[in-house]
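See structure below.
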Amino acid sequence: MTQNTASYDVCAVGNAIVDVLSPCDDAFLTAQNLVPGSMQLVDETQSAALYDAMAAGVEASGGSAGNTVAGVGSFGGRAAYVGKVAPDTLGGVFTHDIRASGVHFDTPVLEGGAGTGRCLINVTPDGQRTMCTFLGAANQLGVEDIDAELIGSSAIVYLEGYLFDPAPARAAFEAAAAAAHKAGRKVAITLSDTFVVARWRAELLEFIEASADIVLANEGELAALFETEDFDAAATKLAGMVEIAAVTRGEHGSVIISGDQRIAVAAYPVAKLQDTTGAGDQYAAGFLLGVARGLTLEQSGKLGSLAASEVIAHWGPRPMVKLADLAAETGLTLTA
């Protein structure tokens, strides 16, 4: 990888979403006809009704890939983001927050269309999150928003699996991957959600085989991708398709596979699990930054675990302390 010539460590392409996080109990999920732990797409009307029913909560800029590049920025990495917002209040919140994280973001806003996307996240006392997403402007991201020069100047281009849902965004996704490879860069993809995998399994497998160098997934997504509960068999299959596969396993840490290498990385202990929102996103931030900087897979995995442990100890999907400081305190290096 020619990361030493890159202006950015990671450039992410994703759904620009503002997260609304609220506490709830299981009875609320049942009353709202929501499957615990799921992510489903809703329309503007459904989104408004659920928002009104939810308890008071926290509004924070989110979106899976947006959270990841905010984490890269928190580590002191150089990050860029491509995503679509509307010129409305939530769009302003998203833009301010991501730029404040030190992330380059200049995708043109959507004029005269849907409002900025939002994800309504109900969190049960065990920290599990149930998400209802109104994509709004986010899924109007198109090929015209892909800046080949920006993509080509990024060591790793990180693609958010949720973009497999809307057709225009999927085309943008493919354009970004093509631009990255043309420039000799690496393409990483996160599977994002078991329901995304279930909807687009064949297409995802085809894309991974043709265009991905690095895949990030959790155990559930990996199982859905290969339709097996046999973790070892699924992980081996995935590793045979890409250069690097990183699979997170919650409190059991993560497993990173590359060729014949198989590395288990422990999770960092957390005093109290508060909210798992953003755990996978922050793991990706540490891991991808490590890979972009030429660290070993084990060092990269430890950065990922550290970032995940920080974010699950509080509400919200982005770090509340500088991850660079946390890495220094823990004795983890950010340079090869």
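No experiment lies behind these values; they were computed from the predicted model shown.
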NZ of K237 to CG of D230: how many Å apart, nearest 0.5 Å? 9.5 Å
Tell me if a side-chain donor or acceptor on R293 pairs with a main-chain N or O of L334 at a distance below 3.5 Å. yes
Any donor-acceptor pair under 3.5 Å linking the side chain of Q46 with the backbone of D43? yes
Check for a donor-acceptor pair, side chain of E221 on one end and backbone N or O of D193 on the other, with a separation under 3.5 Å. yes
Heavy atoms from other residues, nucleotides or ligands near CD of E144 exceed 12 (cutoff 6.0 Å): yes
Between the side chain of T276 and the main-chain N/O of A279, is any donor-acceptor distance below 3.5 Å? no
Taking atom CE of M241 as the centre, does the number of heavy atoms from other residues, nucleotides or ligands within less than 6.0 Å exceed 12? yes
So with a 6.0 Å cut-off around OH of Y51, is the heavy-atom count from everything else above 12? no
Please check if L120 and L41 belong to a single hydrophobic cluster, counting links between Ile, Leu, Val, Met, Phe, Trp and Tyr side chain heavy atoms closer than 4.5 Å. no
Hey, does E111 have a side-chain heavy atom less than 4.5 Å from the side chain of P87? yes
Determine, step by step, whether Y158 and L216 satisfy the side chain to side chain contact (heavy atoms under 4.5 Å, CB included) criterion, reporting the C-alpha distance in whole Å, the side-chain angles of both residues, the deciding distance to 0.1 Å, and the verdict. CA-CA 10 Å; Y158 181 57; L216 291 102; 3.9 Å; yes
Here the pair of heavy atoms bringing A180 nearest to V157 is CB-CG2, 3.7 Å
Under 4.5 Å between any side-chain heavy atoms of I244 and D213, yes or no? no
Would you say V69 ends up clustered with V321 if hydrophobic residues are merged whenever their side chains have heavy atoms under 4.5 Å apart, either directly or through other cluster members? yes
With side chains defined as the heavy atoms from C-beta onward, is the minimum distance between P319 and Q282 less than 4.5 Å? yes
Looking at CG of D97 and CD of E59, how far apart are the two atoms once the value is rounded to the nearest 0.5 Å? 11.0 Å
With a 4.5 Å heavy-atom cut-off, do T130 and S38 have their side chains touching? yes
For the backbone of S74 and the side chain of S101, can you confirm whether one donor and one acceptor N or O come within less than 3.5 Å of each other? no
Identify the two heavy atoms, one from G83 and one from A16, that lie closest to each other, and give their separation to 0.1 Å. C-CB, 4.1 Å
Basic-acidic side-chain contact under 4.0 Å: R318, D19: no
Is it true that a side-chain atom of S211 and a backbone atom of I208 form a donor plus acceptor pair closer than 3.5 Å? no
Would you name the heavy atoms of I256 and G301 that are closest together and state the gap between them? CD1-CA, 3.7 Å
Applying a strict under-4.5 Å side-chain criterion to I, L, V, M, F, W and Y, I'd like to know whether I121 and F28 cluster together. no
Hey, are the side chains of W200 and R170 touching, using non-hydrogen atoms and a 4.5 Å cut-off? yes
Under the 4.5 Å side-chain heavy-atom rule for ILVMFWY, direct or indirect, which residues accompany F134? V42
Are any of the side-chain heavy atoms of S61 and I98 separated by less than 4.5 Å? no
Are the side chain of S192 and the backbone of E160 linked by a donor-acceptor contact shorter than 3.5 Å? no
When you group the ILVMFWY residues by side-chain heavy-atom contacts below 4.5 Å and let the links chain together, are L323 and M320 in the same group? no
Where do I214 and F287 come nearest, in terms of heavy atoms and distance? CG2-CE2, 4.2 Å
Hey, are Q261 and S258 close enough side-chain-wise for a donor-acceptor pair under 3.5 Å? no
Heavy atoms only: give me the nearest L34-C132 pair and the separation to one decimal. CD2-SG, 3.4 Å
Testing L332, L297, T333 one by one against K302 for a side-chain contact (heavy atoms from CB on, under 4.5 Å), which residue passes? L332
When rounded to the nearest 0.5 Å, the distance separating CD1 of I257 from OG1 of T236 is 5.5 Å
Could you check whether any side-chain N or O of S22 sits under 3.5 Å from a backbone N or O of N122, counting only pairs where one atom can act as donor and the other as acceptor? no
Decide side-chain hydrogen bond (donor to acceptor under 3.5 Å, both in side chains) for S254 and Y283; before the verdict, give the C-alpha distance in whole Å, the side-chain angles of both, and the deciding distance to 0.1 Å. CA-CA 9 Å; S254 62; Y283 179 89; 2.8 Å; yes
Sequence neighbours excluded, every pair satisfying ring-ring contact (aromatic ring centres under 6.0 Å, His included) that has a member inside residues 208-260: none
Rounded to the nearest 0.5 Å, how far apart are CD1 of I263 and OG of S300? 9.0 Å
Taking P108's backbone N and O only, do any of them form a donor-acceptor pair with K84's side chain (distance below 3.5 Å, no angle check)? yes
Tell me if a side-chain donor or acceptor on R185 pairs with a main-chain N or O of G152 at a distance below 3.5 Å. yes
Determine whether I146 and V82 satisfy the following criterion, side chain to side chain contact (heavy atoms under 4.5 Å, CB included), listing intermediate values before the conclusion. CA-CA 7 Å; I146 300 301; V82 178; 4.2 Å; yes
Nearest heavy atoms of C119 and I17, plus distance in Å: N-CG2, 3.3 Å
So, using ring pair (Phe, Tyr, Trp, His ring centres under 6.0 Å) as the criterion, who are the partners of H104 when residues are at least two apart? Y8
Would you sort out whether L141 and T107 count as a side chain to side chain contact (heavy atoms under 4.5 Å, CB included), showing the intermediate values? CA-CA 9 Å; L141 185 76; T107 309; 4.3 Å; yes
If I take atom CZ from residue R201 and atom CG from residue L225, how far apart are they, to the nearest 0.5 angstrom? 6.5 Å
Checking V242 against I189 for the side chain to side chain contact (heavy atoms under 4.5 Å, CB included) test, could you report, in this order, the C-alpha distance in whole Å, the side-chain angles of both residues, the deciding distance, and whether it holds? CA-CA 11 Å; V242 293; I189 180 174; over 6 Å; no
Parallel, tilted or perpendicular: rings of Y81 and F105 (30°, 60°): tilted
Any heavy-atom pair between the side chains of T116 and V93 that's under 4.5 Å? no
Residues, nucleotides or ligands: over 12 heavy atoms within 6.0 Å of E206 CD: no
Common cluster, L303/V270, ILVMFWY with side-chain heavy-atom separation under 4.5 Å: no
How many angstroms lie between atom CD of Q274 and atom CD1 of I312, to the nearest 0.5 angstrom? 10.5 Å
Does the side chain of T124 reach to within under 4.5 Å of the side chain of C24, using non-hydrogen atoms? yes
